[in-house]
Number of protein chains: 2
Amino acid sequence: MVKIVSYKDLVDKLTDIFCEYGYDGTSLTILSQNTGLGRASLYYHFPGGKEEMANAVYEKITRDFTKLVLSPLATDQNFQIKIKNMLEGINLFYNSGQRSCLLDVFAIGSTKDIFYSQIKNAALYWKDSLIKIIEDEGIDNNRAILLSEEIIISIEGALVFARATGDYESFNRTLENILLTITKNILN
Amino acid sequence: MVKIVSYKDLVDKLTDIFCEYGYDGTSLTILSQNTGLGRASLYYHFPGGKEEMANAVYEKITRDFTKLVLSPLATDQNFQIKIKNMLEGINLFYNSGQRSCLLDVFAIGSTKDIFYSQIKNAALYWKDSLIKIIEDEGIDNNRAILLSEEIIISIEGALVFARATGDYESFNRTLENILLTITKNILN
DNA sequence: AGTATATAATCGAACGATCGTTCTACTGGT
DNA sequence: ACCAGTAGAACGATCGTTCGATTATATACT
């Protein structure tokens with residue numbers, strides 16, 4: 001286990017845990033054991049308790065996602081490069097398919113009450129970003145919507161499938177398949 | 001709320017709850033409130049408690065999935081009809097995208113310890129069933145694997161996306177898109 | 001048909017365990 | 001001497017579970 005020596009390390013570790021166990025499944029005992037800090041010590045860093053920890057995780061995830069996945073889309077490179085860079089960012093962000101997506105695990109059950117609006121906005125923002133660059137290639141709106149949804153859905157589904165089967169290689173196959181499908185559909 | 005008058009009604013209701021809240025997020029209090037039965041009464045029907053209830057739900061889901069999704073694939077109709085019937089079964093099974101998949105919500109956190117092997121087998125059996133009928137169309141194994149995974153991944157991802165965004169219409173779009181993609185890839 | 005009996009099903013109350021949380025005291029470094 | 005950081009112990013609340021007693025339903029007998 002990586003020794004925790006800074007606040008950043010701590011949030012990183014919390015992120016791993018919340019992604020694996022979800023919100024309801026993550027107990028203070030689990031957090032304490034996996035970080036090496038006592039329950040009380042966790043409250044020193046996060047006076048707001050479990051919910052504040054989850055919020056810190058969500059913010060970290062948002063920053064990483066923006067940097068690794070969204071920012072490649074906002075450059076002025078050509079379409080194929082943008083998609084390719086996004087997919088590489090996806091692969092890093094989801095740790096080759098081994099890390100679950102918060103859009104999935106934080107949208108289940110009572111957790112919805114806390115995170116639903118943020119999750120909805122994040123998913124729609126991702127979708128809109130894709131629609132935009134696809135429309136820039138001269139694709140009409142309806143088709144751009146379908147293709148954007150197809151990309152996101154493939155990624156989310158690949159994470160679920162990999163987790164269910166334990167076959168994480170399928171995640172890589174899906175990323176390659178996305179690149180193939182999209183470039184074929186756009187650059188016909 | 002539908003009044004519960006039989007054991008079948010009870011399991012149906014439990015299924016709704018476990019699919020929505022996941023295993024960790026489903027408390028006996030929630031089960032009691034949503035079924036109208038006291039906690040002690042639930043133990044009369046399921047002496048094994050929460051885990052036995054979840055198992056009953058899993059078995060019910062397995063039966064429904066086999067009937068609605070897998071059995072259409074095992075007929076001797078032509079390929080396109082089989083896929084079309086499966087997709088109609090999918091739409092019923094997942095209630096037009098409004099019911100989460102147990103392959104997703106039961107594969108998170110501590111729930112894995114109970115259901116992982118069953119979930120893995122179910123996902124791989126579904127995949128193998130698809131591979132079989134695709135290979136019957138003369139497609140080579142590697143390509144059949146990719147297409148099969150693509151179908152399952154699209155469905156699982158569409159459920160996650162619909163739940164995250166609240167846009168359940170996207171689930172229908174995905175099912176139509178699957179039919180289109182597959183028939184285009186097979187019947188070239 | 002009406003009554004007695006047995007069984008099926010329900011519930012309230014309480015159990016120990018764990019939940020998230022708080023308090024107080026004790027480190028270790030500056 | 002100070003203070004950021006840690007941890008043990010305990011808090012009330014809720015967790016899943018069990019028990020005892022009560023009500024409803026069905027069966028049996030006269």
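In what follows, every chain begins at residue 1, and chains take the letters A, B, ... in the order their sequences are listed.
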Just checking Ser41(B): base, sugar-phosphate only, or nothing, at a heavy-atom cut-off of under 4.0 Å? base

Would you kindly give the CZ-to-C1' distance between Phe46(B) and dT18(D), to the nearest whole Å? 18 Å

Roughly, in whole Å, what's the span from CG in Leu31(B) to P in dT14(D)? 17 Å

Counting the atoms with a prime plus P, OP1 and OP2 as sugar-phosphate, which does Thr26(A) contact under 4.0 Å by heavy atoms, base, sugar-phosphate, or nothing? sugar-phosphate

Does dC15(D) have its OP1 or OP2 closer than 4.0 Å to a side-chain nitrogen or oxygen of Thr29(B)? yes

How long is the line joining NZ of Lys50(B) and C1' of dT14(D), in whole Å? 12 Å

How about Tyr58(A) and Phe106(A): are their ring centroids closer than 6.0 Å? no

Can you hop from Tyr168(B) to Ile178(B) via hydrophobic side chains spaced under 4.5 Å? no

Same apolar cluster (I L V M F W Y, side chains within < 4.5 Å links), Val160(A)/Ile61(A): no

dT10(C), OP1 or OP2 - any side-chain N/O from Tyr44(B) closer than 4.0 Å? no

Parallel, tilted or perpendicular: which fits the ring planes of Tyr23(A) and Phe18(A), with parallel below 30° and perpendicular above 60°? parallel

Can you check whether Tyr43(A) has a side-chain N or O nearer than 4.0 Å to OP1 or OP2 of dT21(C)? yes

Rounded off to whole Å, could you give me the CG-to-C1' distance for the Leu28(B) and dC19(C) pair? 15 Å

In whole angstroms, the gap separating C1' of dT27(C) from CG of Leu37(A) amounts to 14 Å

Protein-nucleotide distance (Arg39(B), atom CZ; dC11(C), atom C1'), rounded to Å: 11 Å

Salt bridge present between Asp9(B) and Lys13(B) (N-O < 4.0 angstrom): no

Find which nucleotide of DNA chain C each of Asp24(A) and Ala40(A) is nearest to by heavy atoms, and output the residue with the more 5' nucleotide. Asp24(A)

In whole angstrom, give the distance that lies between atom CG of Leu10(B) and atom P of dA8(C). 17 Å

Side-chain N or O of His45(B) less than 4.0 angstrom from OP1 or OP2 on dA8(C)? no

What is the distance from CD1 of Ile30(A) to C1' of dC15(D), rounded to the nearest Å? 14 Å

